[in-house]
Chemist: 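First the structure, then my questions, so here it is.
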Amino acid sequence: MTANSTNQVEAAQVRKGIRRPAQRTRIQRRHKMLIWSFLLIVQLPVGLITLYLGGLATPQFSSSMSFSIRSEEFANPFDALSGLGELSSGTTSDAQIVFDFIRSQKIVRTLEEEIGLRALYAAPEHDPVFTIANNVSVEELVQHWNRMVQVNLDKGSGIVRVQAFAFDPEDARHINERILLQSQSLVDQLSFLARQDAIRYAEADLESARERLKTARQGLSEFRSAARVIDPTIAVQSQGGISAALQQQLADAWIELDLLTAATTREDSPRLAQLRRRVSAIESRLEEERQALSGNANSGMVEIVGRFEALLVEREFAEQAFVAAAAAFDVARAEAGRRTKYLAVHIEPTLPDTALYPRSLMIILVSFALLLLGWAVTIMVAYSVRDRG
């Protein structure tokens, strides 16, 4: 059959509504690009990860522990007088301090000197991912430390949980034990500094109270020397008694004078003149006593008594403050020999039996999901850009 006849037959079939038979599909260039991109972006990395985890990755053991920081709070019985409170107080959580310390370069340097972290983490030579070289810098060692030692802090309860990874179960537990010892040493140091501060502040308060008491007693002594009296209140009471007696005598004299005046009309009576002189003398003496009690601002007994009472009050307050400061100093010095903060270990460092890490299946699945998602997004973006062009 010639080409013309074939075309005629096809045209006749089209006029009759008969569809053309489907032709064999061919793989287009874009299909090959999709396949190769999937193999390179998804399949190849997942295969390499699977190969590494199955043949090169060194099994890791995990040791866990948890602890919290406890404080023995001490209430001073003389708080109401001295204003001193608890021996240890702070604005920063002790658990937060320990948490930051475990992740710091300080503990890494200490454990490197004690147990040799570089050699411990570089032991499996065929594992290039989870190991380090023997000559890494301390900064790289700290980064690897924070990957191999996971620390969590529950700020609500103050519990610190530590999970240490190593290639040997004994090494994993030993790392946690050294972390525990270093953390206890840090807490002891914080407690020691708090106690030393308490002693220093209590000693400063005691010295201040001693100087205040000394000044109050010296001021009272100088006042007594200047006033030439031990207790002016006694002198005031004595003068008050004299004034009361003079007032009583004056009243009696006035009564006697009134009775004599009513009984006789003679103004030149000797007895009448004598009573009048007596009344005048008593009034004069009573006025002198009143002047002695009030006087002027500098020498009056009222002013003297006022200053004396003020000095007495100052001395009493100084004595109370000194007693409270002395008691607080004795308490602070007694507490200096006690451990006020300590680590309460809830879970001792465990010794693992089975190497549960790395979790190969989870790593492979997560890697496949992420790579597949990235590949799909890349293809969608590429086709979107092509269609817009």
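Scope of the values below: all heavy atoms of this structure, side chains included, with no hydrogens, waters or symmetry mates.
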Chemist: Mind checking whether Phe165 and Gln150 have side chains closer than 4.5 Å, heavy atoms only?
Modeler: yes
Chemist: Using a strict threshold of under 4.0 Å (side-chain N to carboxylate O), is an ion pair present between Glu170 and Arg173?
Modeler: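 So Arg173 pairs with Glu170 through a salt bridge.
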Chemist: Are more than 12 heavy atoms, taken from residues, nucleotides or ligands other than Met380, located less than 6.0 Å from that residue's CE atom?
Modeler: no
Chemist: Testing Glu140, Glu113, Glu112 for salt bridge (Lys or Arg N to Asp or Glu O under 4.0 Å) with Arg118, which one passes?
Modeler: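 Between Arg118 and the candidates, salt bridge (Lys or Arg N to Asp or Glu O under 4.0 Å) is satisfied uniquely by Glu112.
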Chemist: Supply the atom-to-atom distance Ile35 CD1 to Met33 CE, rounded to the nearest 0.5 angstrom.
Modeler: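 Nearest 0.5 Å value for the CD1-CE distance: 11.0 Å.
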Chemist: As a quick check of understanding, evaluate side chain to side chain contact (heavy atoms under 4.5 Å, CB included) for Trp145 and Gln105, giving each step before the final call.
Modeler: CA-CA 9 Å; Trp145 166 268; Gln105 187 182 117; over 6 Å; no
Chemist: Considering non-hydrogen atoms only, spot the tightest contact between Ser63 and Asn176 and give its length.
Modeler: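 Minimum heavy-atom separation between Ser63 and Asn176: O-ND2, 2.7 Å.
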Chemist: Please round to the nearest 0.5 Å and tell me the distance separating atom OG1 of Thr50 and atom CZ of Phe368.
Modeler: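 Spacing of OG1 (Thr50) from CZ (Phe368) equals 10.5 Å.
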Chemist: Verify the cluster assignment for Ile364 and Leu40: are they in a single hydrophobic cluster under the rule of side-chain heavy atoms below 4.5 Å apart?
Modeler: no
Chemist: Side-chain contact test, heavy atoms from C-beta onward, threshold under 4.5 Å: evaluate it for Thr215 versus Gln218 and give yes or no.
Modeler: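 Not touching, per the 4.5 Å side-chain cut-off.
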Chemist: Can you give each donor-acceptor pair under 3.5 Å made by side-chain atoms of residues 153-162, sequence neighbours left out, with the distance rounded to 0.1 Å?
Modeler:
{"residue": "Asp154", "atom": "OD1", "partner": "Gly156", "partner atom": "N", "Å": "3.1"}
{"residue": "Asp154", "atom": "OD2", "partner": "Ser157", "partner atom": "OG", "Å": "3.1"}

Chemist: Given side chain to side chain contact (heavy atoms under 4.5 Å, CB included), test Phe322 with Arg212 step by step and report yes or no.
Modeler: CA-CA 8 Å; Phe322 177 77; Arg212 179 183 178 183; over 6 Å; no
Chemist: Apply side chain to side chain donor-acceptor pair (under 3.5 Å) to Arg195 and Ser191, showing your working.
Modeler: CA-CA 6 Å; Arg195 293 194 300 267; Ser191 180; 2.6 Å; yes
Chemist: Between CD of Gln320 and CZ of Arg315, what distance do you get to the nearest 0.5 Å?
Modeler: 11.5 Å
Chemist: How far does CG of Asn152 sit from OG of Ser66, to the nearest 0.5 angstrom?
Modeler: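 The CG atom of Asn152 sits 11.0 Å away from the OG atom of Ser66.
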Chemist: Do NZ/NE/NH1/NH2 and the carboxylate oxygens of Arg210 and Glu207 come within less than 4.0 Å?
Modeler: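 Salt bridge flag = yes for Glu207 with Arg210.
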Chemist: Minimum heavy-atom separation for Phe329 to Ala202, with atom names?
Modeler: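 The pair with the smallest heavy-atom distance is CA-CB, 3.8 Å.
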Chemist: Decide if atom CD of Gln189 counts as having more than 12 heavy atoms of other residues, nucleotides or ligands within a radius under 6.0 Å.
Modeler: no
Chemist: To the closest 0.5 Å, what do you measure between CG (Leu213) and CD (Glu314)?
Modeler: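 So the CG of Leu213 and the CD of Glu314 are separated by 9.5 Å.
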Chemist: When you measure from the side chain of Ser367 to the backbone N and O of Val46, does any donor-acceptor pair fall under 3.5 Å?
Modeler: no
Chemist: At their closest point, which heavy atom of Leu343 faces which heavy atom of Ser183, and how far apart are they?
Modeler: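 Closest pair (atom of Leu343, atom of Ser183, distance): CD2-CB, 3.8 Å.
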Chemist: Which atom names give the shortest non-hydrogen contact between Leu180 and Pro349, and what distance separates them?
Modeler: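 Where Leu180 meets Pro349 most closely, the heavy atoms are CD2-CD, 4.4 Å.
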Chemist: Please evaluate residues Asp188 and Tyr342 with respect to the criterion side chain to side chain contact (heavy atoms under 4.5 Å, CB included), reporting the C-alpha separation (whole Å), side-chain torsions for both, the decisive distance (0.1 Å), and the verdict.
Modeler: CA-CA 7 Å; Asp188 290 342; Tyr342 59 92; 5.8 Å; no
Chemist: So which heavy atom on Ser64 is nearest to which on Thr350, and how close?
Modeler: N-OG1, 2.9 Å
Chemist: Under a 3.5 Å distance rule, please check whether Thr110 uses its side chain to pair with a backbone N or O of Lys106 as donor and acceptor.
Modeler: yes
Chemist: Working to the nearest 0.5 angstrom, can you tell me the gap between Phe167 CZ and Tyr121 OH?
Modeler: 8.5 Å
Chemist: Go through His144 and Val136 one step at a time and tell me if the side chain to side chain contact (heavy atoms under 4.5 Å, CB included) criterion holds.
Modeler: CA-CA 10 Å; His144 191 73; Val136 295; over 6 Å; no
Chemist: Pairs of donor and acceptor atoms involving the side chains of residues 369-378, under 3.5 Å and at least two apart or interchain, shall be tabulated with distances.
Modeler:
{"residue": "Trp375", "atom": "NE1", "partner": "Ser37", "partner atom": "OG", "Å": "2.9"}
{"residue": "Thr378", "atom": "OG1", "partner": "Gly374", "partner atom": "O", "Å": "2.7"}

Chemist: Measuring only between side-chain heavy atoms, which start at C-beta, is Ile69 closer than 4.5 Å to Ile97?
Modeler: no
Chemist: What I'd like to find out is whether the side chain of Pro169 reaches to under 4.5 Å of the side chain of Pro352, using heavy atoms alone.
Modeler: yes
Chemist: Would you confirm whether Ser185, through its side chain, and Gln182, through its main-chain N or O, come within 3.5 Å as a donor-acceptor pair?
Modeler: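 Checked: no pair found.
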Chemist: How close do Phe61 and Ala172 get, counting heavy atoms only, and between which atoms?
Modeler: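 Minimum heavy-atom contact is O-CB, 3.8 Å.
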